[in-house]
Amino acid sequence: MLRSLYFRYSYMFDINTNINTNRMFLSILIVALALTMIASNIQAKSNETELSSEATIPLSEQINNALSKAKSLISQKDYHAAEVIINQLLTDDFSSKNTSVLVDIYTTAGKLNYKQKKFNNAVVQFEKVIPLITGNDDDSKKQLAAIYHEIAQCYKHLKDIPESIANYQKSLVIQQGREDALAVAIALKNIAMAENKQRNYIRALDHARRSLNILSSISPSTSRYAQVALASGIIYRNIGHYEKSLDYIQQAKHIYEQENDLRHLAEVDNQIGLIYTKLDQLNNAKSFYSQTIALPIDKVEPETRAAAFRELGVIHYYQNDLAKSINMLTTALQLYQSMNSYSKTTRIHFLLGTNYLKQEKAAIATGYFKQSLALAIEYKQAEFQVQSLNYLGKAVLEKDVEKAISFLEQALLLSSEVDDKENILMTYHWLKEAEKIKGNLTKSLLYSEEKYQLSQIIQKEREAFDFTKNQVILASYKLETELDALREDAELSALKLDQQQTQIALMLQSQKITELEIKKKRFSIFLLITTLSVFVILVFYILYRYKNTRAINRELDYLASRDPLTNCYNRRILYQRFNESFEPSKTPIQYSVLLADIDSFKTINDTYGHTSGDKVLQGVAKVLMNNASEADTVARFGGEEFCILLPDSSEKEAEQIAEQMRQGIESSQFESITVTCSFGVASFSVDVECNLTLIERADMALYQSKYQGRNRVTRWESKSMKHD
């Protein structure tokens with residue numbers, strides 16, 4: 001049958017092959033137009049059906065559907081599409097007439113801006129919600145507390161910590177009124193971390209302690225408790241109480257291990273690594289950072305992994321394993337760039353620059369420092385701008401001293417925006433070296449004096465911080481004692497409750513009467529013993545203070561006159577004795593000054609570390625003092641420089657003393673390190689206008705010793721110095 005149909009139609013086709021082609025195309029066009037009209041009609045009817053169906057949906061349901069769609073888009077990170085819906089809802093007239101709808105829209109808008117890191121815009125939207133929540137029911141209070149929490153989070157990211165704390169406090173007050181213990185504990189933890197950033201460590205510890213006390217009663221051994229324990233450990237680390245810090249962080253680690261929470265375990269390992277770095281136990285620190293890196297990539301936050309690679313890079317740098325250091329830092333850089341965390345790449349570029357500078361690859365180092373500077377400018381990181389400019393100056397110092405001075409002067413100008421005295425001290429140091437290379441000894445001496453004055457201020461601030469830190473540690477002991485007391489009170493209360501349930505009321509009453517009588521007698525005896533004890537202690541204390549006042553004063557005078565590291569005299573005593581020797585009534589007949597500078601001391605610090613550098617300074621100072629007489633004055637002049645006053649010593653005698661000192665240092669070893677010293681000698685003569693001229697001449701003679709190859713003694717001579 002199929003074959004017959006085929007032959008039939010093929011026969012018809014052959015007959016009609018001569019029909020006009022234009023007529024065939026016209027027929028096809030007519031059929032197509034007819035089909036199009038039919039399709040349009042069907043589509044129109046379909047649209048009418050949809051419109052009539054849409055018109056039947058209530059307006060409130062349309063709003064809720066739109067909000068649900070926006071929230072779904074936010075969860076899917078399709079922020080642009082969500083923003084279109086939210087903006088449309090905010091511009092519609094109906095939204096301004098419905099309070100509950102506005103609350104939902106503004107809250108969603110705030111969360112959308114927060115997700116997009118538009119924190120200022122988020123605050124504006126969240127603050128619109130506050131006057132709209134007027135109810136006094138629990139749901140309204142809970143909602144208002146959540147809004148204050150969101151605002152606090154925004155201010156935290158904006159680095160406006162005082163505003164963040166203020167809003168956390170508002171949320172806390174509401175949650176306390178609701179008697180929501182878990183919410184109160186969370187709010188206390190947030191305030192603790194914010195106070196920690198403000199360096200208000202006592203308040204931070206108090207809030208963390210209160211949070212832990214609540215959580216220990218409602219949800220111990222949970223991730224909530226671990227978070228607060230970790231926060232407490234971070235606070236204790238910041239005040240230098242490393243033993244207590246490790247105790248709390250280990251509590252958090254134990255909980256996360258039980259829950260197999262690898263993400264938080266990585267954070268904990270990083271925190272423990274930081275503590276061991278602070279304790280200068282670098283190999284222990286490396287093991288914990290390595291644990292973070294060894295965890296599965298999909299189980300660890302990229303930022304946590306990047307931090308581990310960064311810290312490993314720093315540790316390898318200090319251990320002089322520069323190849324590994326660069327490898328680790330490069331990996332950290334790639335991770336930060338993949339997260340678009342360009343502000344954090346600033347530090348990585350800077351660290352890579354210092355790495356290559358240590359390898360004496362100044363050109364590569366300069367490139368990294370310039371990238372660090374550009375990023376610091378873009379992201380308004382003033383501290384890194386100063387650091388980058390300092391190291392740019394250091395990198396080009398030997399090849400282009402003028403360019404180095406330009407970088408360093410920019411750093412000095414910017415330093416007014418940054419209260420980072422360590423960076424400013426570095427700027428003064430390299431400006432001093434740069435001016436010395438140029439031969440501007442007066443300007444170099446001026447920067448040296450500025451450096452010394454600033455170092456004195458830094459020393460006082462460190463002493464003040466150490467004192468404050470000790471106060472915080474003492475306060476932390478008090479807080480821990482109060483926490484233990486609260487736990488004991490809770491146990492006693494529980495015990496009393498059990499007793500009340502098991503004992504007869506009459507027996508309990510009789511027991512209480514007996515206990516009161518015993519307590520009364522004990523109190524009387526205790527009061528008498530306490531009074532006598534206080535009296536005896538007071539007498540001994542007065543005697544002790546009387547006997548030790550003189551010794552303490554002598555010790556204070558000694559400490560005030562000495563350099564704390566080398567035990568040499570400080571510059572104050574140096575100038576005091578110097579000026580006394582040149583009073584009008586005591587003008588000396590002969591007087592000499594030595595200036596000594598440890599050769600290549602920076603290389604020692606870079607190679608062996610600052611701890612070994614300090615040991616070298618102490619050893620050199622001891623050699624200098626052993627070769628000086630009781631009438632001489634050996635003082636630390638600044639950094640690796642020493643000044644020795646030689647009253648009644650002629651030029652020849654001073655030169656011999658300097659040579660003895662030089663040979664003594666050259667033949668000694670300090671921490672298995674061999675060093676040399678360069679000396680400058682200047683003696684009193686009739687053309688000396690003032691005593692400070694002797695120091696200037698000794699400094700110029702010292703410069704000649706450095707210039708002529710180091711490890712030598714040079715006597716100041718008018719003609720030779722002018723010629724040089």
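By convention here, the first residue in the shown sequence is residue 1. From a predicted model like this one, the values you see are computed outputs, not experimental measurements.
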Contacts table for residues 78-85: side-chain donor-acceptor under 3.5 angstrom, sequence neighbours left out:
none

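Atom CG in D104 sits 12.0 Å away from atom CG in L132 (nearest 0.5 Å). Atom NE2 of residue H264 and atom NZ of residue K253 lie 13.5 Å apart, to the nearest 0.5 angstrom. Interatomic distance, I235 CD1 to L230 CG, rounded to the nearest 0.5 Å: 10.0 Å. The distance from the NZ atom of K189 to the OH atom of Y225 is 14.5 Å, given to the nearest 0.5 Å. Taking CD1 of I202 as the reference point, atom CD of E195 lies at 11.0 Å (rounded to 0.5 Å). With values rounded to the nearest 0.5 angstrom, K299 atom NZ is found 14.5 Å from T304 atom OG1.
Between K117 and H157, the closest side-chain pair of non-hydrogen atoms is not below 4.5 Å. For the pair V300/R263, no side-chain contact is recorded, criterion being any heavy-atom separation below 4.5 Å from C-beta on. Contact of the N113 side chain with the Q116 side chain is registered, since non-hydrogen atoms from C-beta on lie closer than 4.5 Å. Side chains of M339 and Y336 form a contact here, defined as non-hydrogen atoms less than 4.5 Å apart. Residues I130 and I151 are in side-chain contact: their nearest non-hydrogen atoms beyond the backbone lie under 4.5 Å apart. Using a 4.5 Å heavy-atom cutoff, the side chains of P162 and Q198 are in contact. You'll find the side chain of Q410 stays beyond 4.5 Å of the side chain of L392, heavy atoms only. Counting heavy atoms from C-beta outward, F384 and Q387 have side chains that approach closer than 4.5 Å.
Applying the 6.0 Å contact sphere to NZ of K111 captures no more than 12 heavy atoms from other residues, nucleotides or ligands. Within a 6.0 Å radius of CD in Q76, more than 12 heavy atoms belonging to other residues, nucleotides or ligands are found. By the neighbour-count criterion of 12 heavy atoms within 6.0 Å, atom NZ of K286 is densely surrounded, having more than that number from other residues, nucleotides or ligands. The local environment of NZ in K370 is sparse, with at most 12 non-hydrogen atoms from other residues, nucleotides or ligands closer than 6.0 Å. The environment of Y318 atom OH is sparse: at most 12 non-hydrogen atoms of other residues, nucleotides or ligands sit within 6.0 angstrom.
Between N423 and N390 the shortest heavy-atom distance is O-ND2, 3.1 Å. Nearest heavy-atom pair across I86 and A109 is CG2-CB, 3.7 Å. For L329 against I348, the heavy-atom pair with the smallest separation is O-CG2, 3.3 Å. The two residues R305 and L295 make their nearest non-hydrogen contact at NH1-O, 3.9 Å. For the residue pair G135 and S140, the shortest heavy atom distance occurs at O-CB, 3.4 Å. A pairwise comparison of heavy atoms in S415 and I424 identifies CB-CG1, 3.4 Å as the closest pair.
The aromatic rings of Y391 and F369 are tilted relative to each other, their planes meeting at an angle between 30° and 60°. Using a 30° and 60° split on the angle between ring planes, H349 and Y368 fall in the tilted class, from 30° to 60°.
For the pair S171 (side chain) and N167 (backbone), a donor-acceptor distance under 3.5 Å is absent. Checked by atom type and distance alone, the side chain of S75 pairs as donor or acceptor with a backbone atom of S72 at under 3.5 Å. A donor-acceptor pair under 3.5 Å is formed between the side chain of S164 and the backbone N or O of A152. With hydrogens and angles disregarded, no donor-acceptor distance shorter than 3.5 Å links the side chain of S245 to the backbone of H241.
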Using the side-chain contact (heavy atoms from CB on, under 4.5 Å) rule, take I272 and Q250 through it: C-alpha gap first, then chi angles, then the decisive distance, then the call. CA-CA 9 Å; I272 296 175; Q250 289 288 3; 4.1 Å; yes

Under the side-chain contact (heavy atoms from CB on, under 4.5 Å) criterion, do T134 and T99 qualify, and how do the steps go? CA-CA 10 Å; T134 56; T99 302; over 6 Å; no

The test is side-chain contact (heavy atoms from CB on, under 4.5 Å); show your working for L351 and Y317 and say whether it passes. CA-CA 9 Å; L351 291 172; Y317 172 84; over 6 Å; no

Chi angles and distances behind the side-chain contact (heavy atoms from CB on, under 4.5 Å) call for I275, F288: CA-CA 10 Å; I275 292 172; F288 281 97; over 6 Å; no

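Side-chain contact, K324 with Q319: no donor N or O sits under 3.5 Å from an acceptor N or O. Side-chain atoms of Y342 and N340 include a donor-acceptor pair closer than 3.5 Å.
S211 pairs by the side chain to side chain donor-acceptor pair (under 3.5 Å) definition with nothing, not counting sequence neighbours. Taking the side-chain contact (heavy atoms from CB on, under 4.5 Å) definition, one finds that Q334 meets it with T330, sequence neighbours left out. Residues satisfying the side-chain contact (heavy atoms from CB on, under 4.5 Å) test with N284, not counting sequence neighbours, are Y276, Q281. Partners of S217 according to the side-chain contact (heavy atoms from CB on, under 4.5 Å) rule, which considers only residues two or more places apart in sequence or in another chain, do not exist here.
Under 4.0 Å is where a charged nitrogen must lie from a carboxylate oxygen, and between R209 and D206 at least one such pair does.
Taking the centre of each ring, Y114 and F119 come in below the 6.0 Å mark.
Judged as a salt bridge (charged side-chain N to carboxylate O under 4.0 Å, His left out), not a single pair has a partner in residues 146-173 (not counting sequence neighbours).
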